[in-house]
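Note on naming: letters A, B, ... go to the chains in the order of the sequence lines (proteins, then strands), and numbering restarts at 1 for each one. We use all heavy atoms of the structure for the numbers below, so side chains are in, but hydrogens, waters and symmetry mates are not.
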Amino acid sequence: MKTEIVLSYLRKDKLPHIWCPGCGHGIILGSMMRAVHKTGWKKDDIALVSGIGCSSRTPGYVDFNTLHTTHGRSLAFAAGIKFSNPRLNVISVMGDGDAVAIGGNHFIHAARRNLNITALVFNNYIYGMTGGQFSPTTPYKAIASTTPYGNIDKNFDIPSLAIGAGAGFVARSTAIHVPGLDDIIYQALNYDGFSVVEIISFCHVQYGKRNKLKTPLSMIDWLKSIALPIAAYEKLGEEQRRDKIPIGIFKNIPTEEYSQKYIKEIIDPNKSKDSILKDYCKAKLYDL
Amino acid sequence: MIKKMMHGNEACAYGAIIAGCRFFAGYPITPSSEIAEELAVLLPQVEGKFIQMEDEIASMAAILGASLNGIKSLTATSGPGFSLKQENIGYACQTEIPCVIVNVQRGGPSTGSPTMPSQEDFMQSRWGTHGDHFIVVLSPSSVQETFDLTVKSFNISEKYRTPVILLMDEIVGHMTEKMILPEPGEIEIIDRKKPSVKPEDFRPYENTEDGVPPMAAFGSGYRHHVTGLMHDETGFPTNNSEIIQKQKDRWKKKFDLARDTVVFTELTDAEDMEYLVFSYGSSARCTRKAVKIARENGLKVGSMKALTLWPFPGKELEKVSRGLKGIVVAEMNMGQAIREVERAVGKNVKVLGANRYDGESMHPDDILSVIEKF
Ligand SMILES: Cc1ncc(C[n+]2csc(CCOP(=O)(O)OP(=O)(O)O)c2C)c(N)n1
Ligand code: SF4
């Protein structure tokens with residue numbers, strides 16, 4: 001039954017997908033579809049936008065209005081879609097490199113601006129599509145094709161970044177905590193404002209093979225050993241926290257959504273109209 | 001009919017709204033900022049949306065998102081900002097999303113001369129983004145033309161599903177002149193064609209007779225996929241070389257068929273001319289004066305003003321160049337359009353450049369001194 005729900009949202013003629021067997025991204029796609037199903041949104045009213053990367057291939061398989069843009073720019077395209085037609089439900093799918101390296105500026109400003117967009121960051125700690133270079137989330141000491149001696153870059157904590165930039169809904173889950181992931185995505189979709197869910201995915205092909213996690217199964221075991229609920233994480237001492245990642249909802253507060261604020265505060269039908277526009281733009285100007 | 005004094009950037013803003021533009025995304029930069037400022041005032045009055053984005057890359061992306069919703073969209077920038085927009089201008093070319101990009105030129109490269117006039121982006125406006133592509137570039141030389149060409153830019157972008165660049169320059173953007181607005185009903189306004197087939201039969205990149213596939217708005221019931229990868233008629237990525245070639249050949253067909261309807265030039269004093277001055281944008285104003293002085297001195301000089309820079313009006317130029325003693329290409333750069341002029345007229349006519357690239361506007365003497373060299 002659950003599989004049927006997922007399949008009912010997919011473009012079945014576009015399958016099989018391009019992801020490697022055992023990639024975490026496909027599991028997240030399943031969760032997304034179950035969460036969308038729960039919202040009851042019509043396919044016609046959903047725009048699914050992505051950047052470039054393995055994760056960003058998601059829209060091609062889903063039967064919505066779908067947009068596969070340029071690397072890092074997913075949220076900027078999504079902003080244009082949501083702001084110009086607030087009636088659409090807009091979801092943005094990004095990789096870790098997509099969202100917080102090349103797209104980092106768009107990410108923080110989307111969080112600040114607060115258009116109602118759900119940002120799903122598929123974090124596999126690596127640049128999958130381009131062959132395993134390190135990303136801003138690659139752990140310290142990890143090996144990537146461009147960190148052959150181990151990574152010395154500090155990494156981003158995506159939820160902290162999103163909270164710092166002002167996002168009202170911020171959560172993290174993983175590709176192996178599936179019922180929980182379904183629910184977190186559902187809550188993010190329902191949130192009226194900019195919401196961020198970091199979803200720890202796994203890429204045994206580009207990340208695992210270089211870091212003693214050669215098989216999807218070993219990556220799943222690794223994720224199991226490091227992820228724990230926020231409450232349990234908070235009980236740990238600093239030393240014990242080091243190799244763990246908290247999952248759950250970090251922030252969920254009501255905020256004022258940008259396009260609604262614009263309609264309320266900026267578009268004022270009682271404002272006196274410019275003398276030229278009065279004559280030239282009488283009719284209601286666009287209807288959707 | 002309304003007569004009004006306004007500056008070029010203001011005329012651009014009015015032209016956009018009257019053409020039906022209801023979405024602007026931009027990032028401030030001299031000498032284009034007044035377009036954004038004007039639209040921040042005007043767009044909300046017509047229920048349009050104005051948004052200042054975090055940079056030019058985002059602005060370009062946002063207008064494409066809005067245009068995919070069926071809404072006519074504009075961005076405006078200058079110099080460095082135009083460079084930043086190039087990646088997503090390429091995306092617009094690849095995916096055939098109508099939009100208008102204004103570049104009010106300033107001197108470059110890099111930060112260059114922010115407040116000084118220039119025409120140094122003639123080539124970048126055509127070849128700024130990577131890869132084979134087609135694009136239309138219009139360039140006004142007065143406030144009136146700025147208004148008229150802004151409306152035309154939207155019409156062309158909608159009719160042919162293409163980005164259009166309106167290449168202004170600092171002089172045209174900032175000068176104040178009288179502008180005449182025709183009656184509302186007298187302005188031609190074109191909207192993109194929409195699909196009439198059933199949603200399941202919709203092919204967003206169909207090879208239609210005119211090469212222009214109908215375009216469906218997101219949310220209109222025609223769910224489809226848009227990607228910057230080379231794609232087939234249905235919009236999905238392909239590596240099939242035959243299909244890739246077919247798509248690119250359709251682009252070519254579309255622009256070949258459109259060519260004569262988007263190329264605008266103005267020829268003056270041509271009946272008896274022995275010399276021709278070719279120019280565009282604010283240099284064309286100076287050309288008019290230079291021609292007048294030359295004629296007073298007994299020289300038979302005519303002029304051609306290009307309102308469309310790309311596709312380059314080579315055909316039009318070639319036709320009038322036969323038998324001439326010389327052509328002067330007057331432009332505020334180190335010689336960009338001159339290459340296209342030489343290509344168009346071949347070896348039959350001597351071509352010399354009148355160039356100004358010190359940040360000052362072109363002076364009639366700059367042109368007259370070159371005519372003397374023939
Ligand atoms: C402007 C630009 N720079 C670089 C690239 C090459 N590129 C494609 S995908 C990618 C990174 C993908 O990694 P990520 O976003 O983490 O997604 P993943 O493939 O791991 O899902 C890069 C660098 C590009 N397409 N565009
Ligand atoms: S390279 Fe990695 S991220 Fe990309 S499809 Fe394969 S397993 Fe998934």
What's the shortest heavy-atom distance between [X] and [Y], and which atoms?
{"X": "B:Phe218", "Y": "A:Ala47", "value": "CD2-CB, 4.2 Å"}
{"X": "B:Gly219", "Y": "A:Arg87", "value": "O-NH2, 3.6 Å"}
{"X": "B:Pro44", "Y": "A:Ile267", "value": "O-CG2, 3.9 Å"}
{"X": "A:Leu67", "Y": "B:His225", "value": "N-ND1, 4.4 Å"}

Less than 4.5 Å to any heavy atom of chain A: does that hold for the side chain of [X], its backbone, both, or neither?
{"X": "B:His224", "value": "backbone"}
{"X": "B:Ile51", "value": "both"}
{"X": "B:Ile187", "value": "side chain"}
{"X": "B:Lys72", "value": "neither"}

Just verifying a value: how many Å separate [X] [atom1] and [Y] [atom2], rounded to the nearest 0.5 Å?
{"X": "B:Asn88", "Y": "A:Thr70", "atom1": "CG", "atom2": "OG1", "value": "3.5 Å"}
{"X": "A:Thr69", "Y": "B:Leu68", "atom1": "OG1", "atom2": "CG", "value": "10.5 Å"}
{"X": "B:Leu229", "Y": "A:His68", "atom1": "CG", "atom2": "NE2", "value": "5.0 Å"}
{"X": "A:His71", "Y": "B:Glu87", "atom1": "NE2", "atom2": "CD", "value": "9.5 Å"}
{"X": "B:Phe23", "Y": "A:Asn85", "atom1": "CZ", "atom2": "CG", "value": "11.0 Å"}

Flag, side chain of [X] to backbone of [Y], donor-acceptor distance under 3.5 Å:
{"X": "B:Gln45", "Y": "A:Asp274", "answer": "yes"}
{"X": "B:Arg223", "Y": "A:Asp63", "answer": "yes"}
{"X": "A:Tyr262", "Y": "B:Phe50", "answer": "yes"}
{"X": "B:Asn69", "Y": "A:Ser84", "answer": "no"}

Please tell me if the side chains of [X] and [Y] come closer than 4.5 Å, counting only heavy atoms from C-beta onward.
{"X": "A:Thr66", "Y": "B:Val226", "answer": "no"}
{"X": "B:Asp55", "Y": "A:His106", "answer": "yes"}
{"X": "B:Lys49", "Y": "A:Pro86", "answer": "yes"}

Any chance [atom1] of [X] has more than 12 other-residue heavy atoms, nucleotides or ligands included, within less than 6.0 Å?
{"X": "A:Lys251", "atom1": "NZ", "result": "yes"}
{"X": "B:Asp132", "atom1": "CG", "result": "no"}
{"X": "B:Tyr205", "atom1": "OH", "result": "yes"}
{"X": "B:Lys3", "atom1": "NZ", "result": "no"}
{"X": "B:Asp201", "atom1": "CG", "result": "yes"}

As an exercise: rank B:Ala58, B:Gly90, B:Ala25 by heavy-atom pairs under 4.5 Å with chain A and give me the winner.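 So the answer, after comparing B:Ala58, B:Gly90, B:Ala25, is B:Ala58.
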Name the member of B:Leu43, B:Ile57, B:Leu64, B:Val41 that forms the most heavy-atom pairs with chain A at distances under 4.5 Å.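 Between B:Leu43, B:Ile57, B:Leu64, B:Val41, the count favours B:Ile57.
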Can you check side-chain contact (heavy atoms from CB on, under 4.5 Å) on B:Ile17 and A:Tyr280, steps first, answer last? CA-CA 9 Å; B:Ile17 293 196; A:Tyr280 285 80; over 6 Å; no
At a 4.5 Å cut-off on heavy atoms, which part of A:Arg112 comes close to chain B: side chain, backbone, both, or neither?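 Neither; nothing under 4.5 Å.
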Measure A:Lys42 against the heavy atoms of chain B and call it side chain, backbone, both or neither at under 4.5 Å.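 Nothing of A:Lys42, per the 4.5 Å heavy-atom cut-off to chain B.
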What residues of residues 92-102 of chain B sit under 4.5 Å from chain A when you count only heavy atoms?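 Residues of residues 92-102 of chain B touching chain A at under 4.5 Å: none.
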Please confirm whether A:Phe77 and B:Tyr91 have ring centers closer than 6.0 angstrom.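 Yes, they do, as the ring centres are separated by less than 6.0 Å.
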Among A:Leu88, A:Asn105, A:Ile263, which residue forms the greatest number of heavy-atom pairs with chain B at distances under 4.5 Å?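 The answer is A:Asn105.
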Salt bridge present between A:Arg113 and B:Glu54 (N-O < 4.0 angstrom):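 Yes, this pair counts.
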